[in-house]
Amino acid sequence: MTDDDTELLSGDHRLPNNPVLHENDVRVEVKERRGLDEVQVHLVNTVQDAVEMMSWLGERRPVLAVDTETTGFNAWDGDLRLIQIGDAMHGWAIPWHMWGGVFVEAMQKYEGQITFHNAAFDARWLTVHTPWEIPWHRTHDTMIMAHVLDPTQQVGLKPLSNRFIDRRASAGEALLKAAFAENKWGWATVPIDFGPYWEYGALDTVLTARLWEQFRADIRYPQVYELEMGVRRVVSSMEDAGSPIDLQYCDDQYQDLTARVERAKQWWLDTYDVKVGSAPQLVKFFQGMGANIDRTTAGGAPSMDKAMLRILAKEFPLAEHILKIRKSEKLAGTYFKNFLEKNVDGVLHPSIRTLGARTGRMSMTDPALQTLPKGEPTVRDAFIPREGEVLLSADYDQIEMRLMAHFSRDPGLAEAFASETDFFVGLARQVFGDPSIDKEDPRRGIVKGVAYGKAYGAGTSKMAETAGLRFDVMQPSVHAFDRNYPGVLRFQNEVGNLGMNRENSEGIGYVTTPFGRRLPADSGRTYTLVNYLLQSHAAEILKRALLNLDSAGLGPNMLLPVHDEVIFSVPKDSVEEVTRTIKECMEVTDGSYLVPLTAGVEGPYDRWGTKYRKKTA
DNA sequence: CCGAAAAGCGCG
DNA sequence: AAAGCGCGCTTTTCGG
């Protein structure tokens, strides 16, 4: 493999309807900036101030930065306090409740490019509290720019500003924090006209505008940035619309589970003087009963994890009891309690970071709806469609495996996707040369483990551990896999070598996705690049699908993205038609990949959990 | 009292 | 030759 990034490029990656970057904005003249000495900040406090701000707004500039100061993190419970606008030399702080009308008028008048730093945050507050609608087609985000340029750097406004603009950028923040401590103020209570508060709020827009100038020129692959800005728009709208849940059901489940957990924990305390939540106490308890605890945690302590307790349970039934308590506690505390606390009128509005991982995967918090248990459908049962609608779920079929076939160009692996039988059954038949293998055969699971192990960069010992097999039992299967799919091994070596060569010559090992996203490896860990490439490109494909779905008019029907899956709420009578549209938007079967990227649509469901229940004939 | 770390566990 | 990747949340523990 050569140093040429295009080596991994393939296919047509045009994006639907997403004109974020305009030809002309690149040509805007950007002046050399020297530190922050000449910068002026202003507070809109009088009609005269407002007039001056409007006059300033009429000047020519490459971009206008917008920022907000709020009472906290919850946009529904909290309040918007300050909105700031600024450019490279001036920042204006606008008290929302006094002068909000001036802000709205200003934004309606302004027709140029806009940038935020972390648009997701400000977009949510602005959507909830103001009538202004963000013009996404001319909206930028310097946090997204920073992540695209280097996903391993800190992408906060202050770290970036300290690094790229002026070391003193965070001085104001320190001053403000000190004032908070001295006066017992918080973001909700600091007086709006307190100098350090509004001044550094205003300065943030200056920093953001400067970062935009800096980064705009550095974006070598506008395609990734355009994808990300489009996804930010679509995902913010998913956040706003939210996912409906059944509150009564959540409450019933929560009450029932917590009561049972509490009783069980009390019993352990009364009977054995053991706190169930404390691993060290449990270790002592089971050792006292004569148990041999031979697994250790990452930190070296004796382990009381699920796997160890399962082993112990064969000899000590009490270990099973601990597992049950943990399970119930997790269901109650991590899921139902969270749903009850975080919903707004029966709707969850999670925070979705579209660039949550360095690979470009999304992450989700408050609540983390990408990590709901599937072995316990009762949790997903909390999720219901909108009024008069039903749920649909659309998943890509083995997308990372298909991308491994594509990137490795291994004909055998590619062929396996063409077969009618279950993919991993087919793989197992090929690997073990035994056409009688069926879905229940343990060799299917072994091959699946080897295949995903390859995709994740695991060695034989890790695969053996995951499968619960001895190294020497696992090894022949790995060899058989390598013999059958030599392209995969070659691909792993190529990516690993490319990464190592770059680490030696350029100081950093990295690969580039077909969209142009640069994926850096930690030093000495270039073997992770195979996984980064697969995971990252799979994320890009899902993201592009979100834009396709939005363009097809399904934006309002999307509830959640889950890595390689999208959850929808759609009108009952449109299921067939929507199913066709979803497949068209998600699948890539035009030959741009060595194997077709297919997606399955499941449903309709009236609760999400239904999908995870055994189907009855 | 608070924040960070560790341990454990949920997902793709 | 060998290397499991990426996340978030809760509880407990521990140090400042």
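This one's a predicted model, so the numbers in the text were calculated from it and none came from an experiment. Convention: sequence-line order gives letters A, B, ...; per-chain numbering from 1.
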NA contact type, A/Met364, heavy-atom cut-off 4.0 Å: base, sugar-phosphate, or nothing?
sugar-phosphate
Can you confirm if the NZ or CZ of A/Arg607 lies within 45° of the ring axis of A/Tyr249 and under 6.0 Å from the centre of its six-membered ring?
yes
Consider the side chain of A/Arg353, meaning its heavy atoms from C-beta on, and name the nucleotide among C/dT13, B/dG10, C/dG8 that approaches it most closely.
C/dG8
Salt bridge check: are A/Asp150 and A/Arg358 linked by an N-O gap of less than 4.0 Å?
no
Tell me which nucleotide among C/dG8, C/dC9, C/dT12 gets nearest to the side chain of A/Asn338.
C/dC9
Which part of the nucleic acid, if any, lies within contact of A/Ala368, taking any heavy atom under 4.0 Å across all strands shown: a base, the sugar-phosphate backbone alone, or nothing?
sugar-phosphate
Of the nucleotides B/dG10, C/dG8, B/dG12, which one has an atom closest to the side chain of A/Lys374?
B/dG12
Using whole Å, what does the distance between atom C1' of nucleotide B/dG12 and atom CZ of A/Arg361 come to?
5 Å
Using only side-chain N and O atoms of A/Ser363, determine if any of them is under 4.0 Å from OP1 or OP2 of C/dG8.
yes
Round to the nearest Å and state the distance from A/Asp564 atom CG to C/dC5 atom P.
20 Å
Respond yes when some side-chain nitrogen or oxygen of A/Tyr456 is under 4.0 Å from OP1 or OP2 of B/dG12, and no when none is.
no
Remember a base hit wins even if backbone is also touched, and classify A/Gly277 as base, sugar-phosphate or nothing at under 4.0 Å, heavy atoms.
sugar-phosphate
If you look at every strand shown and take non-hydrogen atoms under 4.0 Å, does A/Ser536 touch a base, only sugar-phosphate, or nothing?
nothing
NA contact type, A/Gly375, heavy-atom cut-off 4.0 Å: base, sugar-phosphate, or nothing?
sugar-phosphate
Is there a donor N/O on one and an acceptor N/O on the other, under 3.5 Å, for the side chain of A/Lys330 and the base of B/dC9?
yes
Which listed nucleotide (C/dG8, B/dG10, C/dG6) is nearest to the side chain of A/Tyr335?
B/dG10
Assess the pair A/Phe285 and A/Phe316: is the distance between their ring centroids shorter than 6.0 Å?
no
Looking at B/dC11, C/dT12, C/dC5, which one has an atom nearest to any side-chain atom of A/Ser278?
C/dT12
Look at all strands and tell whether A/Met304 reaches a base, only sugar-phosphate, or nothing, counting heavy atoms closer than 4.0 Å.
sugar-phosphate
With a 3.5 Å cut-off and just heavy-atom distances, do the side chain of A/Gln370 and the base of C/dC7 make a donor-acceptor pair?
no
With a 4.5 Å heavy-atom cut-off, do A/His349 and A/Asn343 have their side chains touching?
no
Measure from CZ on A/Arg326 to P on C/dT12 and round the result to the nearest Å.
11 Å
Any strand: nucleotide that pairs with C/dC14 via Watson-Crick or wobble, under 3.5 Å
B/dG3
Taking the side chain of A/Gln281 as its heavy atoms from C-beta onward, which of C/dC9, C/dG6, C/dT13 lies nearest to it?
C/dT13
Among C/dG4, C/dG6, B/dG8, the nucleotide that comes nearest once only the side chain of A/Tyr532 is considered
C/dG6
Given C/dG4, C/dT12, C/dC7, the nucleotide with the shortest approach to the side chain of A/Lys275:
C/dT12
Using the benzene-type ring in the case of Trp, are the ring centres of A/His537 and A/Tyr593 under 6.0 Å apart?
yes
Taking the side chain of A/Asp305 as its heavy atoms from C-beta onward, which of B/dG8, C/dT12, B/dC11 lies nearest to it?
B/dG8
Given B/dG10, C/dC5, C/dT10, identify the nucleotide with an atom nearest to the side chain of A/Thr371.
B/dG10
Could you give the CD-to-P distance, from A/Glu341 to C/dC9, as a whole number of Å?
12 Å
Which of A/Leu391, A/Val379, A/Ile245, A/Ile384 passes side chain to side chain contact (heavy atoms under 4.5 Å, CB included) with A/Trp608? Answer is A/Leu391
Report the residue from A/Arg517, A/Arg361, A/Gln223 that forms a side chain to side chain donor-acceptor pair (under 3.5 Å) with A/Glu540.
A/Arg517
Value in whole Å for how far the P atom of C/dA2 lies from CD of A/Gln492
14 Å
Quick check on B/dG10: is either OP1 or OP2 less than 4.0 Å from any side-chain nitrogen or oxygen of A/Lys306?
yes
Nearest whole Å is fine: how far is C/dC7 P from A/Arg358 CZ?
7 Å
Let me know the distance between CE of A/Met308 and P of B/dG8, rounded to the nearest Å.
11 Å
Pick the closest DNA chain C nucleotide for A/Asn493 and for A/His563 by heavy atoms, then say which residue is nearer the 5' end.
A/Asn493
For A/Leu533 and C/dG6, give me the distance from atom CG to atom P, rounded to whole Å.
14 Å
Should C/dG4 form a Watson-Crick or G-U wobble pair with both distances under 3.5 Å, which nucleotide is its partner?
none
Would you mind telling me which residue lines up with the more 5' stretch of DNA chain C, A/Asp366 or A/Thr359, judged by nearest nucleotide?
A/Thr359
